[in-house]
Number of protein chains: 2
Amino acid sequence: MKLPSPCSDTEDYTARQWDTRAECEVRQVLDRIADKWSLLVLALLDRRTLRFTELRRSIDGVSPRMLTSTVRQLERDGLVERTVYPVVPPRVEYRLTPLGVSLHDMVQSLVTWTEEHQDEIAAARDEYDRKAAESAY
Amino acid sequence: MKLPSPCSDTEDYTARQWDTRAECEVRQVLDRIADKWSLLVLALLDRRTLRFTELRRSIDGVSPRMLTSTVRQLERDGLVERTVYPVVPPRVEYRLTPLGVSLHDMVQSLVTWTEEHQDEIAAARDEYDRKAAESAY
DNA sequence: CGGTATCCCTTTAGATACTG
DNA sequence: CAGTATCTAAAGGGATACCG
């Protein structure tokens, strides 16, 4: 995803001027946690060290290309630590950094919010779809 | 975005079994707040009612197609309320529902997390890029 | 004013074969 | 084992013209 972002020119998120820089920090974090596999990796590495193939087997449907790309981005952002052991066959281990743990905690509270409100959302959707269906006649 | 999701088969997010249903609630909420324009709309409607054109003018670069799609999804999820006044020319107003306010609060705490850790992330990236650059030689 | 409809392009992700 | 390379498919989003 690109441009616009909930970054304000001031310190206040609710300010009226919106930043459209791709560099916006909030947007970047959001893009990271919202991508298709990052959250799974973050959760699997919670209090646990896993190797590449272990991650791959634990995440149903991920291709080696996407898993590599995902862990590399997480590593680049300082959320995951990658350790290469110079042995044959190669052994590479992944674990969360303290920053990764912190983000995982943040995500947990989003999960909690979702659990608390999923019924409301579902009800809203049902009503919306029902009204849409009846006005189609 | 599609399939996999940080939904467990149990109540516990940290459980080991991962759900790959597109219906996962967490994934749906994440997809909503991570899309390109929803967060901007949510923030602009904070404590404020705005008309379609007002939103459009406030969000730099949004096309009518995307703005319509964005507010419709937010409305369907019960986050935004859309009120049509049967006058000519038409008048349509958007405002947050209590659920929308609640999600906006949740997002605010993500913003806060990001502000608190953006220096760490930036430092990690710099180091990663620096190492990548030097190992390229 | 508040949208829809249409077309097109870019980004993202999946499949698969291959390698140090 | 832990990836990389290449190709393809699909989703997301932009531009623009038009309509009730």
Under-3.5 Å N/O pairs linking protein and nucleotides 1-7 of chain D:
unit_1	atom_1	unit_2	atom_2	d
D:dC1	O3'	A:Arg51	NH2	2.9
D:dC1	O3'	A:Pro90	O	3.1
D:dA2	OP1	A:Arg51	NE	2.9
D:dA2	OP1	A:Arg51	NH2	3.2
D:dA2	OP1	A:Val92	N	3.2
D:dA2	OP2	A:Thr53	N	3.0
D:dA2	OP2	A:Thr53	OG1	2.6
D:dG3	OP1	A:Arg72	NH2	3.3
D:dG3	OP1	A:Arg82	NE	3.4
D:dG3	OP1	A:Arg82	NH2	2.6
D:dG3	OP2	A:Tyr94	OH	2.5

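When the side chain to side chain donor-acceptor pair (under 3.5 Å) test is applied to B:Thr70, no partner is found at least two apart in sequence or on another chain. Remark: B:Arg65 pairs with no residue by the side chain to side chain donor-acceptor pair (under 3.5 Å) rule, at least two apart or across chains.
Counting only N and O atoms by type, the side chains of A:Asp105 and A:Ser102 include no donor and acceptor under 3.5 Å apart.
We find that CG of A:Asp35 is positioned 14 Å from P of D:dG12, with the value rounded to whole Å. Taking atom CE on A:Met66 and atom P on C:dT16, their separation rounds to 16 Å, with Å as the unit. Taking atom CG of residue B:Leu67 and atom P of nucleotide C:dG3, one finds them 8 Å apart after rounding to whole Å. Look at CG on B:Asp31: it is 14 Å from P on C:dT12, rounded to the nearest Å. In this structure, CG of A:Asp60 is placed 11 Å from P of C:dA15, rounded to the nearest angstrom.
In plain terms, the two heavy atoms of A:Glu115 and A:Gln118 that are nearest each other are O-CG, 3.5 Å.
A single hydrophobic cluster is seen to contain both B:Leu96 and B:Val84, as judged by linkage of ILVMFWY side chains at heavy-atom distances under 4.5 Å, directly or through other members. B:Tyr128 and A:Leu103 fall into different hydrophobic clusters, where Ile, Leu, Val, Met, Phe, Trp and Tyr side chains are chained together by heavy-atom contacts under 4.5 Å.
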